[in-house]
Amino acid sequence: MIITLTPNPSLDRTISLDGVLARGEVQRAVASHVEPGGKGVNICRALEASGVESLAILPGDALDPVLIALTEAGIPHLGMPIGASIRSNVAITEPDGTTTKVNVPGPVLTPAQQTELIELVLDRADGAGWVVLAGSLPPGAPVDFYADIIRKLRARYGAAAPKVAVDSSGAPFAAAVGAGPDLIKPNGEELAELTGIPDPEALEGNPAMVATASARLVAGGVGAVLATLGAQGAVLTTKDGSWLAQTPPMVAVSTVGAGDSSLAGFLLSDLAGGNAPDSLRQAAAHGAAAASLPGSTVPALNQTKPSDVTVTQLTHPKEDVQ
Ligand SMILES: O=P(O)(O)OC[C@@]1(O)O[C@H](CO)[C@@H](O)[C@@H]1O
């Protein structure tokens, strides 16, 4: 069983253009998709598509379009009523795979609502294999919201605590990293920010540098780092080493949610007893399959091609990343 918490979920509208996005112009779209979203929600959608038991915890009223869509899709979820609408985020995709995304802040969670949401997670985590804390925080939540949940889970369940994965951004991600989660899933930019690399482009095309930066986080108490690098693949770093996964070149249809599918692929392999390189392979296969699907559509296991993924072990270069 995998529990996800999405404290700032969204209704995702993806608009497909048949040309390049033109700022300041009126353009006609060729298609549009609406899906219930937010990172943890997408992870549960991907797990459900592969028959893995999960529960999506999120703030949202029973009649909110996001919760209605989750019910219709048969995604197990637990909504905490907030008396406000879940935000709507927009993605615009171009034929070459370029995706432009605009995310809005979302409704405020009061301190009482934050406490209630945390209690829901703590209660439901009993016996779970993983708890995934995912996405941005809603306005009003303190920076250490995720870090606090990690500490509370360990305090309540001790040695029986579920493993915790975190995928967020900015200061809340950095604070969560400080609490030593079992797994984090940064993209290149987030990894640079977490490790103090001033120019994220330095990591582009340099998996060894990604591995070195990730290894520092592992040395600092993070269990594993799954760095997703878009078309350049993914790098997994644990205390045992680093591996690079690469998928065959492709033109993406929509990259929205590809990282969430990657994390779902990793978790379902891990739950099934896969070792680190196996789980990385499934993460990369899930990410590539998601990028080939429109909107934030998530792939099922049988739509992924792990045999097309090349996994190689990396050695960390001696020089420090500055
Ligand atoms: O604003 P956040 O919480 O960082 O990200 C939200 C979001 O971009 O993440 C998912 C894709 O990963 C989408 O479903 C959703 O719109």
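Nothing fancy with the numbering, it's 1 onward along the sequence. We count ligands from 1, going down the list as the structure has it; atoms in each ligand are counted the same way. Atoms considered below: every heavy atom in the structure, side chains included; atoms not considered: hydrogens, waters and symmetry mates. Computed from a prediction, not measured in an experiment: that's the story for all the values here.
Considering every non-hydrogen atom in both Asp144 and Ala175, the closest pair reads CA-CB, 4.2 Å. For the residue pair Val256 and Lys101, the shortest heavy atom distance occurs at CG1-CE, 3.6 Å.
In Lys101, the part holding a heavy atom less than 4.0 Å from any atom of ligand 1 is the side chain. Only the side chain of Asn42 comes within 4.0 Å of ligand 1, judged by heavy-atom distances. Residue Arg45 does not touch ligand 1, judged by heavy-atom distances below 4.0 Å.
Atom NZ of Lys239 has 12 or fewer neighbouring heavy atoms from other residues, nucleotides or ligands inside a 6.0 Å radius. The neighbour count for Arg154 CZ, taken as heavy atoms of other residues, nucleotides or ligands under 6.0 Å away, is above 12. In Glu53, the CD atom is not crowded: 12 or fewer heavy atoms of neighbouring residues, nucleotides or ligands sit closer than 6.0 Å.
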What's the verdict on side chain to side chain contact (heavy atoms under 4.5 Å, CB included) for Thr98 and Thr93, showing C-alpha distance, side-chain angles and the deciding distance?
CA-CA 6 Å; Thr98 303; Thr93 61; over 6 Å; no
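Compare Pro7, Gly37, Ser10, Ser136 by their heavy atoms: the one nearest to atom 15 (C) of ligand 1 is in Ser10.
Residues Ser296 and Glu35 bring a donor and an acceptor atom of their side chains to less than 3.5 Å of each other.
Contact annotation: Gly257 has at least one heavy atom less than 4.0 Å from an atom of ligand 1. Contact analysis puts Arg87 in contact with ligand 1, with a non-hydrogen atom separation below 4.0 angstrom.
Residue Asn89 approaches ligand 1 through these ligand atoms, each under 4.0 Å from one of its heavy atoms: 6 (C), 15 (C), 16 (O). Interface atoms of ligand 1 facing Gly38, defined by a heavy-atom separation under 4.0 Å, are 13 (C), 14 (O), 15 (C). Close approach of ligand 1 to Asn103 (heavy-atom distance below 4.0 Å) involves ligand atoms 1 (O), 2 (P), 5 (O), 6 (C), 7 (C), 8 (O). Listed by number with element, the atoms of ligand 1 under 4.0 angstrom from any heavy atom of Gly135 are 3 (O). Annotation for ligand 1: atoms under 4.0 Å from non-hydrogen atoms of Asp260 are 10 (C), 11 (C), 12 (O).
If you check which protein heavy atom lies closest to atom 13 (C) of ligand 1, you get Asp12 OD2, 3.1 Å. From the protein, the heavy atom lying nearest to atom 9 (O) of ligand 1 is Lys39 NZ, 3.1 Å.
Distances between N or O atoms of Asn8 and those of ligand 1 include no value under 3.5 Å.
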Going by atom type alone, with no hydrogens or angles, which donor-acceptor pairs under 3.5 Å involve a side-chain atom of residues 222-229 and a protein atom two or more places apart or on another chain?
from	atom 1	to	atom 2	distance (Å)
Thr228	OG1	Lys185	NZ	2.7

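Follow the hydrophobic side-chain contacts under 4.5 Å out from Ile43 and you never reach Leu67; the two are in separate clusters.
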